Amino acid sequence: MKYDHRKQEKKWQKFWEKQQVFRVEDDSEKPKFYCLDMFPYPSGKGLHIGHPRGYTATDVVSHYKRMNGFNVLHPMGWDAFGLPAENYAIKTGTHPRETVVKNVKHFKNQLKSIGLGYDWSREINTTDPDYFKWTQWIFLQMFKKGLAYEDELPINWCPSCKTGLANEEVVKGRCERCDSEVKKKDIRQWVLKITDYADRLLEDLEDLDWPEPIKEMQRNWIGRSEGAKINFKLKETEGEIEVFTTRPDTIFGATFMVLAPEHDLTQEIVSGSLEAENKKEIEKYVKKAHKKSDLERTELSKEKSGVEVKGLKAINPISGEEIPVWIADYVLGYYGYGAIMSVPAHDERDYEMAKKYGLEIRAVIEAEELPFKAEGKVINSNDFNGLSTKLMKEKIIEKLEKIDAGERATNYKLRDWIFSRQRYWGEPIPLIHCDGCGTVPVPEEDLPVTLPEVEKYEPTGTGESPLATIVSWVNVDCPRCGMEAKRETNTMPQWAGSCWYYLRYIDPENEKQLVDPEKEKSFMPVDLYVGGAEHAVLHLLYSRFWHKFLYDLDVASTKEPFKKLKNQGLIMAKDGTKMSKSKGNVVSPDEIVEQYGADVLRLYEMFVGGFEDEVPWDEEGVVGMRRFLEKVWGLKEKVVEKEPDEDLRGLLHRTIRKVTEDIESFKFNTAISSLMILSNEMKSKDKISMEAFTKFLKLLAPFAPHISEELWQKHNDGSVLRSDWPEFDEKLAKKKKVTLVVQVNGKLRDKFEVERGIKKEEAIKLAKKREKVKKGIEGEDIKKEIFVEDKLVNFVT
RNA sequence: GCCGCGGUGCCGGAACUUGGUAUACGGGGCGGACUUAAAAUCCGCUGGGGUUUUACUCCGUGUGGGUUCGAUUCCCACCCGCGGCACCA
């Protein structure tokens with residue numbers, strides 16, 4: 001009789017829930033294992049076929065760990081603030097809260113239908129006031145420590161989402177969400193000082209068991225460079241130009257200075273407080289540069305442009321030389337000090353600039369071709385000639401420090417995190433603006449600050465949040481002086497809630513604390529974290545930052561939140577392109593569960609390829625998993641109580657070893673393949689021992705829990721998912737006979753079976769007797785006989 | 001341009017950690033059994049070429065070199081694909 005997944009799967013899902021098989025204990029003698037998925041945004045579209053790939057992997061590991069005696073925390077929740085629900089509200093008038101409730105219900109049903117073993121008693125939702133109370137609380141602690149500050153700088157503005165964005169949300173000059181071109185806009189913003197943590201975020205990456213590409217992306221994003229800060233005094237006028245350089249060793253090659261159009265001195269020239277002979281020309285250039293978006297400024301980067309500040313000279317503090325000052329938009333206002341010393345002989349960009357405007361190019365490192373960017377021997381540098389550039393760096397920094405014209409310095413690409421959004425559906429920033437007291441935090445006992453009901457969710461587009469129009473909500477008494485004051489109307493970005501959610505699963509009901517310190521210590525850090533790689537410099541950087549802050553507050557006990565990280569690869573359409581609605585090639589997990597069963601979906605997602613690789617979805621391949629399960633289903637007829645099956649035992653133990661090692665190293669595809677080999681072998685037998693079959697079911701259970709449970713329950717009590725993981729016996733796993741390969745000059749000539757552990761002399765004697773081998777070595781002079789135990793014999797002639 | 005990952009049958013992929021039978025496992029295809037028939041199921045074959053055609057032989061893991069008794073695996077150079085970053089001083 002065929003396996004009826006529709007009947008069986010529902011039955012066991014109910015059973016597991018009733019028996020609380022996946023419930024984690026707060027006080028347990030067992031070692032803990034915290035296994036975490038990146039929680040989803042509950043979109044209206046429901047679960048994508050890619051979601052279950054990561055979820056099944058953590059589910060497999062959770063079951064495996066539980067069966068190995070761990071107290072496993074494997075929770076799930078909802079990252080439910082964000083624009084889709086809000087945009088839907090704008091269109092239909094449905095409150096985002098209602099949309100979220102509906103979508104969460106749908107998502108949860110879908111996850112349950114796949115048989116994923118979450119401990120639902122710990123479910124959280126970032127839009128729940130009892131949850132975001134603590135998101136606001138963390139923000140307030142940052143505010144109190146000076147890590148959250150207000151700023152009015154030109155920031156990234158998405159004209160379609162009508163909100164400011166963080167740098168991490170701008171991808172190639174476009175909005176990460178909607179792909180619109182990002183504009184510059186001057187608006188008041190709340191900014192988090194992530195740069196204070198730059199060093200720790202960089203250094204602590206080293207000890208993390210994370211994919212190297214993700215670590216590398218974070219390193220590049222933080223972008224630390226070591227060098228020097230150097231002051232160039234201005235000639236015949238007050239003031240100086242401060243520059244950052246990684247190459248102080250090339251200071252004698254600095255033939256001009258370049259200021260960014262945003263530089264303070266540039267502004268002074270434009271405003272007239274600093275005199276320049278060609279003020280008009282400069283004004284024109286600066287205006288043009290300011291109009292360009294970042295995208296344009298980089299796209300048009302092929303050709304350098306700039307304008308000299310006529311009449312202004314800077315003085316090289318080391319050589320005393322007077323050099324001209326230019327303004328050019330290839331120098332960025334926000335990096336370093338917004339100004340550089342230009343060394344055209346040893347920097348490509350400076351070289352292009354010098355070539356275009358006929359500026360002096362002076363080599364100060366021995367080079368055959370300019371620009372020369374490598375290390376070498378110093379020339380044209382007065383007393384310093386002949387030094388290595390490495391030593392030169394040290395000498396120059398020494399000298400700068402002595403004459404008080406500069407010092408050793410470190411610079412970062414990382415910029416502070418623009419944290420406020422001019423939208424409705426996010427956590428309100430819990431601050432109050434008072435004319436008398438300034439910006440005052442909402443008292444902790446008044447948290448959470450909840451969202452008011454509004455009539456229109458539409459963003460104003462002026463840089464003000466829609467909350468600003470709700471007078472009754474905005475107007476409050478100042479908690480400090482009691483006078484009339486106004487609430488901050490910006491909300492937090494969608495990343496806020498996910499920065500610390502893994503801590504809340506540990507103690508989701510706690511009303512007094514974010515998390516109980518004892519519980520926190522017993523479960524942190526997250527042992528395994530699984531999700532998509534697209535969060536490399538977003539969620540995965542932000543949450544590390546918040547975690548380190550919470551560590552400093554003694555709320556978290558570990559330096560890092562996520563010990564081990566794995567990224568699941570994308571699931572593509574059959575032709576290798578992205579699945580998309582417009583192409584009509586979107587596969588729904590629901591259809592697969594309905595037609596083939598949850599176990600088949602799980603098996604296929606794990607079997608289709610390497611976990612971290614991008615793989616195409618091929619429904620024909622899904623059939624193979626169903627056939628495998630039918631085969632397993634058929635095996636039950638062959639099970640007999642007592643049967644030694646000697647010849648199956650070796651393979652069984654090799655399979656136990658293989659599946660165990662493969663789960664540990666995330667090689668689920670080969671684990672399943674080894675289970676198939678064992679089941680094929682079992683199928684070829686007339687009888688299978690109960691013992692072998694039971695062990696096989698335990699190995700299969702993490703991947704295909706429903707069918708395993710059904711077959712297990714015929715002979716056992718309690719869930720197979722709560723049974724002990726089988727142990728393998730190395731002795732039994734070893735093959736008694738091995739195939740010995742015979743080569744002549746490295747080419748395969750013959751192979752034959754021998755007892756394991758055969759001695760060299762014996763093997764060579766046997767090999768020489770083989771007809772095919774004889775033919776190869778006949779009349780030849782054997783110079784060497786190579787023997788590799790249990791593997792091969794090679795005759796070299 | 002820089003950084004990272006990858007290139008293996010008709011397709012998804014295995015073997016690369018530790019050099020030692022290349023293509024496990026699954027799909028597809030072909031042939032056969034069962035059937036009135038089809039589906040499903042089961043059994044067999046399935047890298048390419050050559051031949052005196054059933055046994056042997058040569059070639060074969062992106063390309064070209066190297067190390068080695070032996071290289072998909074190690075080293076060097078290059079080509080192609082994918083992802084990330086990109087005027088970061």
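So you know, we letter chains A, B, ... as the sequences are listed, proteins then strands, and number each from 1. Computed from a predicted model, the values in this text were never measured in an experiment.
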What integer distance in Å separates [X]:[atom1] from [N]:[atom2]?
X       : N      : atom1 : atom2 : result
E630(A) : C42(B) : CD    : P     : 9 Å
K737(A) : U21(B) : NZ    : C1'   : 18 Å
N567(A) : C5(B)  : CG    : P     : 14 Å
E619(A) : G28(B) : CD    : C1'   : 15 Å

Within the side chain of [X], is there an N or O that forms a donor-acceptor pair under 3.5 Å with the backbone of [Y]?
X       : Y       : value
R602(A) : F703(A) : yes
R224(A) : L202(A) : no
T670(A) : K667(A) : yes
T389(A) : G376(A) : yes

Exercise. Relative to each other, are the rings of W495(A) and H535(A) parallel, tilted or perpendicular (30° and 60° limits)?
Worked result: perpendicular

Checking contacts here: which listed nucleotide ([options]) is nearest the side-chain heavy atoms of [X]?
X       : options                : answer
V788(A) : G20(B), A89(B), C58(B) : G20(B)
Y335(A) : G20(B), A89(B), U21(B) : A89(B)
F244(A) : A89(B), A86(B), G26(B) : A89(B)
D329(A) : C87(B), G20(B), A89(B) : C87(B)
K791(A) : A14(B), G20(B), A89(B) : G20(B)
T670(A) : A89(B), A14(B), G12(B) : A14(B)
M217(A) : G84(B), A24(B), A89(B) : G84(B)

Problem set entry | Lys/Arg-Asp/Glu bridge criterion (N-O < 4.0 Å) met for R177(A), E169(A) | no

For this session: Determine whether N669(A) and M606(A) make a side-chain contact, defined as any pair of heavy atoms from C-beta on separated by less than 4.5 Å.
Result: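 Side chain of N669(A) against side chain of M606(A), heavy atoms only: no contact under 4.5 Å found.
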
When you measure from the side-chain N and O atoms of [X] to the phosphate of [N], is any distance below 4.0 Å, counting only OP1 and OP2?
X       : N      : value
K356(A) : C87(B) : no
R627(A) : U41(B) : yes
S673(A) : G13(B) : no
N669(A) : A14(B) : yes
K784(A) : C69(B) : yes
N680(A) : G26(B) : yes

Report which part of the nucleic acid [X] touches: base, sugar-phosphate, or nothing (heavy-atom distance under 4.0 Å, all strands).
X       : result
R749(A) : sugar-phosphate
R219(A) : nothing
S225(A) : sugar-phosphate
K667(A) : sugar-phosphate
I677(A) : sugar-phosphate
K683(A) : sugar-phosphate
T246(A) : sugar-phosphate
M625(A) : sugar-phosphate
E614(A) : sugar-phosphate

Exercise. So which nucleotide does G1(B) pair with, by the Watson-Crick or G-U wobble rule with both distances under 3.5 Å?
Worked result: C85(B)

Exercise. Under a 3.5 Å cut-off for both distances, is U61(B) Watson-Crick or wobble paired, and to whom?
Worked result: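 U61(B) is paired with nothing.
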
For this session: Tell whether Q743(A) reaches the base of G20(B) with its side chain through a donor-acceptor pair below 3.5 angstrom.
Result: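 Yes.
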
For this session: Examine the base of C87(B) for any acceptor or donor lying under 3.5 Å from a partner atom in the side chain of K304(A), and report the outcome as yes or no.
Result: yes

